Amino acid sequence: MGVLYTAVQHAHSGLRWVVLILLIAAIGRALSRRGGGTVYPGKDKLALFGLISVHVQLLLGLVLYLWLSPYGVAADVPDAEGTSVARYYNYFHWWLMILATILITVGYSKAKRQAELNVGWKTIAVFYGIGLFIILAVIPWPFYPGLSSVGWG
Ligand code: HEM
């Protein structure tokens, strides 16, 4: 159990960089094309890989939250005995990250059905942009006191 926990914890922590890079790249391209008079190509690869990375992150997070992490459902939070780390993971991290994942998923599937010039690019920019904003705010960065056990990895 200990080895599995450490492996999934580090995979979930490291994958943040893949998620951030792909989302920033997809948003950057959508922003640069939003006024260029092109139709968004149904299955834009950057947007697709960004979507997949967020979904993999969601699955790893659920495994941590439900089974492996001492800060997830295993923590005795409602008793006010829970540590602030457990409170953070139980009250904020999981549902805000799921909200961001839903926004990104909705944006991806809306955009691929929009055949008008420019519109799909704008949809990606807005939905992925709001999703990225939430993810950046909710990642337990090492500079948020006490929340991070992995650090920058
Ligand atoms: C894009 C989505 C997500 C990102 C970028 C993300 C990012 C991270 C990062 C960077 C950490 C490591 C913190 C550290 O110890 O330094 C972490 C921990 C954690 N995440 Fe996520 N997360 C996401 C989604 C989720 C979801 C949806 C859940 C639950 C359903 C979740 C549950 C957890 C748990 C329980 C931990 C604590 C692991 C531990 O140290 O025991 N995460 N997350």
Side-chain angles (χ1 to χ4, degrees), residues 1-32 34 40 42-113 120-153:
M1 190 63 140
V3 177
L4 184 62
Y5 170 45
T6 309
V8 178
Q9 184 190 36
H10 282 260
H12 185 72
S13 179
L15 195 65
R16 91 181 84 177
W17 301 111
V18 177
V19 169
L20 293 178
I21 288 166
L22 288 171
L23 292 183
I24 289 167
I27 293 164
R29 198 163 67 183
L31 284 176
S32 73
R34 76 189 188 287
Y40 172 80
K43 291 197 169 75
D44 176 60
K45 284 287 181 289
L46 271 180
L48 175 65
F49 292 146
L51 176 82
I52 292 171
S53 71
V54 172
H55 282 198
V56 173
Q57 192 65 324
L58 174 89
L59 286 180
L60 294 176
L62 277 172
V63 170
L64 283 168
Y65 185 67
L66 296 175
W67 290 295
L68 298 176
S69 172
Y71 309 127
V73 292
D76 211 0
V77 181
D79 296 355
E81 299 294 321
T83 64
S84 62
V85 182
R87 275 202 295 275
Y88 160 78
Y89 284 106
N90 277 274
Y91 294 154
F92 298 105
H93 188 80
W94 69 270
W95 75 266
L96 281 164
M97 289 306 199
I98 289 177
L99 177 67
T101 307
I102 291 172
L103 286 169
I104 289 166
T105 310
V106 169
Y108 181 82
S109 47
K110 251 171 99 77
K112 72 176 175 192
R113 284 185 267 104
W121 294 115
K122 287 181 190 158
T123 303
I124 292 289
V126 170
F127 281 78
Y128 277 47
I130 299 170
L132 175 65
F133 179 80
I134 296 172
I135 290 171
L136 279 172
V138 181
I139 282 179
W141 296 107
F143 50 81
Y144 290 173
L147 292 184
S148 167
S149 23
V150 177
W152 294 101

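Small disclaimer: the values here were computed from a predicted structure and weren't measured. Heavy atoms only: backbone and side chains are in, while hydrogens, waters and symmetry mates are out. Both ligands and their constituent atoms are indexed starting at 1 by order of listing.
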Looking at residues at least two apart in the chain, or sitting in another chain, which of them share a ring pair (Phe, Tyr, Trp, His ring centres under 6.0 Å) with H93?
->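 Once residues adjacent in sequence are excluded, the partners of H93 under the ring pair (Phe, Tyr, Trp, His ring centres under 6.0 Å) criterion are Y88, Y89.
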Under the ring pair (Phe, Tyr, Trp, His ring centres under 6.0 Å) test, which residues partner Y108, sequence neighbours left out?
-> none
Looking only at protein heavy atoms, which one is nearest to [atom], and what is the separation?
atom                    : result
atom 27 (C) of ligand 1 : L58 CD1, 3.6 Å
atom 16 (O) of ligand 1 : S148 OG, 2.6 Å
atom 38 (C) of ligand 1 : S69 OG, 3.8 Å
atom 40 (O) of ligand 1 : Q9 NE2, 2.7 Å

Side chain to side chain, [X] and [Y], heavy atoms closer than 4.5 Å:
X    : Y    : answer
L64  : Y71  : no
I104 : I135 : yes
V54  : L58  : no

Of all heavy-atom pairs linking L20 and W141, the shortest is CD1-CH2, 3.8 Å
So, for P142 and G151, which heavy atoms are closest and what is the spacing to 0.1 Å?
->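 Closest approach of P142 to G151, heavy atoms only: CG-C, 3.5 Å.
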Ligand 1 contact on V150 by region, counting heavy-atom pairs under 4.0 Å =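 Both parts.
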What do you reckon, does G72 put a non-hydrogen atom under 4.0 Å from ligand 1?
->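 Outside the 4.0 Å threshold, so no.
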Run the contact test for Y5 against ligand 1 with a 4.0 Å cut-off on heavy atoms, strictly below, and give the result.
-> yes
Near atom 21 (Fe) of ligand 1, which protein N/O/S atoms are found at less than 2.8 Å?
->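 You should have found H12 NE2, H93 NE2.
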Output the list of atoms in ligand 1 that are nearer than 4.0 Å to some heavy atom of G151, sorted by atom number.
->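 Heavy-atom distances to G151 below 4.0 Å select 16 (O).
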Would you mind running through ligand 1 and noting each atom that sits below 4.0 Å from a heavy atom of I135?
->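 Under 4.0 Å from I135, ligand 1 has these atoms: 1 (C), 5 (C).
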Among L96, L136, L62, the residue with a heavy atom nearest to atom 30 (C) of ligand 1 is L62
Set of side-chain contact (heavy atoms from CB on, under 4.5 Å) partners for T105, sequence neighbours left out =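 L51, H55, T101.
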Please indicate whether any nitrogen or oxygen in S149 is less than 3.5 Å from any nitrogen or oxygen in ligand 1.
->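 Yes, since at least one N or O of S149 sits under 3.5 Å from an N or O of ligand 1.
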Sub-3.5 Å donor-acceptor pair from the side chain of S13 to the main-chain atoms of Q9, do we have one?
-> no
Parallel, tilted or perpendicular: which fits the ring planes of F143 and W152, with parallel below 30° and perpendicular above 60°?
-> tilted
R34 CZ: over 12 foreign heavy atoms closer than 6.0 Å | no
